[in-house]
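Please read the structure below before turning to the comments.
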Amino acid sequence: MLDIKFLRDNLELAQQQLATRGSAINLADFQQLDQRRRELLGKADTLKAEKNRVSALIGKTKDKSLVKDEIGRMKEVSTQIKDLDEQLRTTNEKLQNILLTIPNLPHENCPVGLSEDDNVKVRTWGSIREYSYTPRAHWDIGEELDILDFERGGKLTGARFTLYKGAGARLERALINFMLDLHTEQHKYVEMLPPFMVNRDSMTGTGQLPKFEDDLFHVEGPDYFLIPTAEVPVTNIHRDEILAAEQLPLCYTAYTPCFRKEAGSHGRDTRGLIRQHQFNKVELVKFVVPEESDHELDNLLANAEHVLQLLELPYQVVDLCTADIGFSATRTFDIEVWLPGQNVYREISSCSNFRDFQARRAAIRYRPEEGAKTEYVHTINGSGLAVGRTLLAILENYQQEDGSVVVPKVLQPYMGGLERITGK
RNA sequence: GGAGAGGUGACCGAGCGGUUGAAGGUGCUCGCCUGGAAAGCGUGUGUAGUGCAAGCUACCGAGGGUUCGAAUCCCUCCCUCUCCGCCA
């Protein structure tokens, strides 16, 4: 959420900046509702002050017959207040609705662009292997080795669900443990294991609601949603809290499954593990002071890249342009891993600085110093990494001509010493 | 699922329907004391909205209601804890 005062005073500027994302804000409605809200608030507050003053007077008067008129008048005033409060409530609701659907302003260093074609490649890492044959796609490798079963995943649930088997299941688990160990032991993140369902307030706090409800799985019964990323529960850990400056930065990592409807991507990436309704992810989340957020995003990005470096998977880093960053983000770097089976780089991590956008929605504040006013923290997060995509990248990059897959060195201890997956 | 208890400020914990934004304590701030510290003494210490400002308003789990006036009374919901049952 943007600062309402900033918006009030800088509507033109905000509009220009939002335009670079390709989204417009409703200037007229916002201004009108904002003004109406303040008018109503002024009236209501004046009446409430009057009511409080006279009521105190009535309280002090022993002989109530002396204040009969006042009591009658206050009855009247109370009714007016109730009416104003009701108008205020609906006005506020409308205003909030507008505010909650305006995306974040892009970071001043975020490259301006019209589409994903304008994203800027920042660097590449690792060297791409040469193959003496045409590299196979992971779905073929997985099925041949009998470690991925797409057919039965579909039978059990439906499209975009996969059954992992034997060394495949173990590899997924090994990756989760490897990533968590790396981030906790070397990068000093604190591990969290949050609920996989959250309520509406949490989804609103990080920006999924109210705008993107169609992308979420909602459970029957209580008003809960399956999380689309650990970002949601982990960021909301500190919702409605005031943190001490000394606590910051807070760095958390969490493994969770993620559930996404993938509405609007019918027919895309229908084969394999790329786009699933349920996938595993290890997430990195930071709460930092505003001055540090740019720098901390770089660190978080480096932490995510470190995973790929240790796994020796080639990748590139891309600076997303204004048209391609997400609703809540000011700046986003994607890490794209090389997939020889498809001859492309594919996103495996997305690292973003949200500045105070989520913090304002979720009321996550801190006190810069003793006695100072509270300020919103900046939140940062990124995948470290998407586990399913990491697994498929390993299958494709470590495939051998005989159909087997070599297990990356760093994962072998997590695989009971297994050096190569050879199938049956 | 059944029975009971409770949700108040950073924390603990009072609170008769009216001068309670909220006693008291802990913690923390600053000052005194001290060679220095501890102890002790004094002082200050909520969040947010709105207004040029003085100020005003709101908030004692959430939402309704009664009343001139509600942290205090009534209703609904949520959450926590204890016991019983069931269960991974």
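Excluded from the calculations below are hydrogen atoms, water molecules and symmetry mates; all remaining heavy atoms, backbone and side chain alike, are included. Just so we're on the same page: letters track the sequence lines, and every chain starts at 1.
- The side chain to side chain contact (heavy atoms under 4.5 Å, CB included) test with A/N236 singles out one residue from A/D240, A/V234, A/V232, and that residue is A/V232.
- Rounded to an integer number of Å, the gap from CG of A/D201 to P of B/rC77 is 19 Å.
- Using a 4.0 Å heavy-atom distance criterion, A/K82 is classed as a sugar-phosphate-only contact.
- Comparing B/rC78 with B/rC28, their P atoms are spaced 40 Å from each other, to the whole Å.
- Residue A/R53 is classed as having no contact, given no heavy-atom separation below 4.0 Å to the nucleic acid.
- The nucleotide whose nearest atom lies closest to any side-chain atom of A/D45 is, among B/rC68, B/rU57, B/rC79, B/rU57.
- Within the 4.0 Å cut-off from OP1 or OP2 of B/rG69, not a single side-chain nitrogen or oxygen of A/N52 is found.
- A/H183 and A/H187 have tilted rings, their planes meeting at an angle from 30° to 60° on a 0 to 90° scale.
- Nucleotide B/rU50 holds its P atom 16 Å from the CZ atom of A/R36, rounded to whole Å.
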Next item on the list: Applying side chain to side chain donor-acceptor pair (under 3.5 Å), run through A/Y414 and A/D181 and close with a yes or a no.
Entry: CA-CA 11 Å; A/Y414 291 91; A/D181 286 350; 2.7 Å; yes
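- The side chain of A/K48 lies closest to B/rA58 when the candidates are B/rA58, B/rC79, B/rU47.
- Computed from coordinates, the A/L40 CG to B/rU50 P distance equals 13 Å when rounded to whole Å.
- For B/rC77, the paired base is B/rG61 (Watson-Crick or G-U wobble, both distances below 3.5 Å).
- A/R8 comes within contact range of the sugar-phosphate backbone alone, with a heavy-atom separation under 4.0 Å but no base atom that close.
- A/I58 comes within 4.0 angstrom of a nucleotide base, judged by non-hydrogen atoms across all strands.
- The separation of B/rA38 from B/rG51, taken at their C1' atoms, amounts to 49 Å, rounded to a whole angstrom.
- Rounded to the nearest 0.5 Å, atoms CD1 (A/I176) and CG (A/N280) are 4.5 Å apart.
- Between the C1' atoms of B/rG40 and B/rG49, the separation comes to 42 Å (whole Å).
- Between the CG atom of A/D9 and the P atom of B/rC52 there is a distance of 11 Å, rounded to whole Å.
- Spacing of C1' atoms, B/rC74 relative to B/rU67, comes out at 12 Å, to the nearest Å.
- Taking atom C1' on both nucleotides, B/rG46 is separated from B/rC60 by 12 Å, rounded to a whole Å.
- Within the nucleic acid shown, A/A49 comes within 4.0 Å of sugar-phosphate atoms alone, with no base atom in reach, counting heavy atoms only.
- Remark: C1' of B/rC79 and CZ of A/R239 are 13 Å apart, rounded to the nearest angstrom.
- Applying the side chain to side chain contact (heavy atoms under 4.5 Å, CB included) test between A/T330 and each of A/N104, A/N109, A/L105 identifies A/N104 as the sole match.
- The P atoms of B/rG9 and B/rA62 are separated by 10 Å, rounded to the nearest whole Å.
- Residue contacts for A/K5: at a heavy-atom cut-off of 4.0 Å it reaches the sugar-phosphate backbone alone, with no base atom in range.
- Taking only side-chain nitrogens and oxygens, A/K75 comes nearer than 4.0 Å to OP1 or OP2 of B/rC68.
- The shortest distance between the side-chain N/O atoms of A/R38 and the OP1/OP2 oxygens of B/rG51 is below 4.0 Å.
- Of the P atoms belonging to B/rU80 and B/rC32, the separation is 49 Å, rounded to the nearest Å.
- As rounded to whole Å, 12 Å separates atom C1' of B/rU57 from atom CG of A/L47.
- For A/F161, the ring pair (Phe, Tyr, Trp, His ring centres under 6.0 Å) test picks out A/H277, with sequence neighbours left out.
- Not one side-chain nitrogen or oxygen of A/T46 sits closer than 4.0 Å to the OP1 or OP2 atom of B/rU57.
- A/F327 CZ to A/T206 OG1: the interatomic distance, rounded to the nearest 0.5 Å, is 11.0 Å.
- Between the CD atom of A/E241 and the P atom of B/rU47 there is a distance of 15 Å, rounded to whole Å.
- If you check B/rC68, B/rG49, B/rU47 against the side chain of A/R365, the one that comes closest is B/rU47.
- Between the C1' atoms of B/rC75 and B/rA70, the separation comes to 15 Å (whole Å).
- Of the listed nucleotides (B/rU47, B/rG49, B/rG69), B/rU47 has the atom at the smallest distance from the side chain of A/I242.
- Side-chain atoms of A/T374 lie closest to B/rA48 of the nucleotides B/rC56, B/rA48, B/rA70.
- Whole-Å rounding puts the A/Y366 OH to B/rA10 C1' distance at 18 Å.
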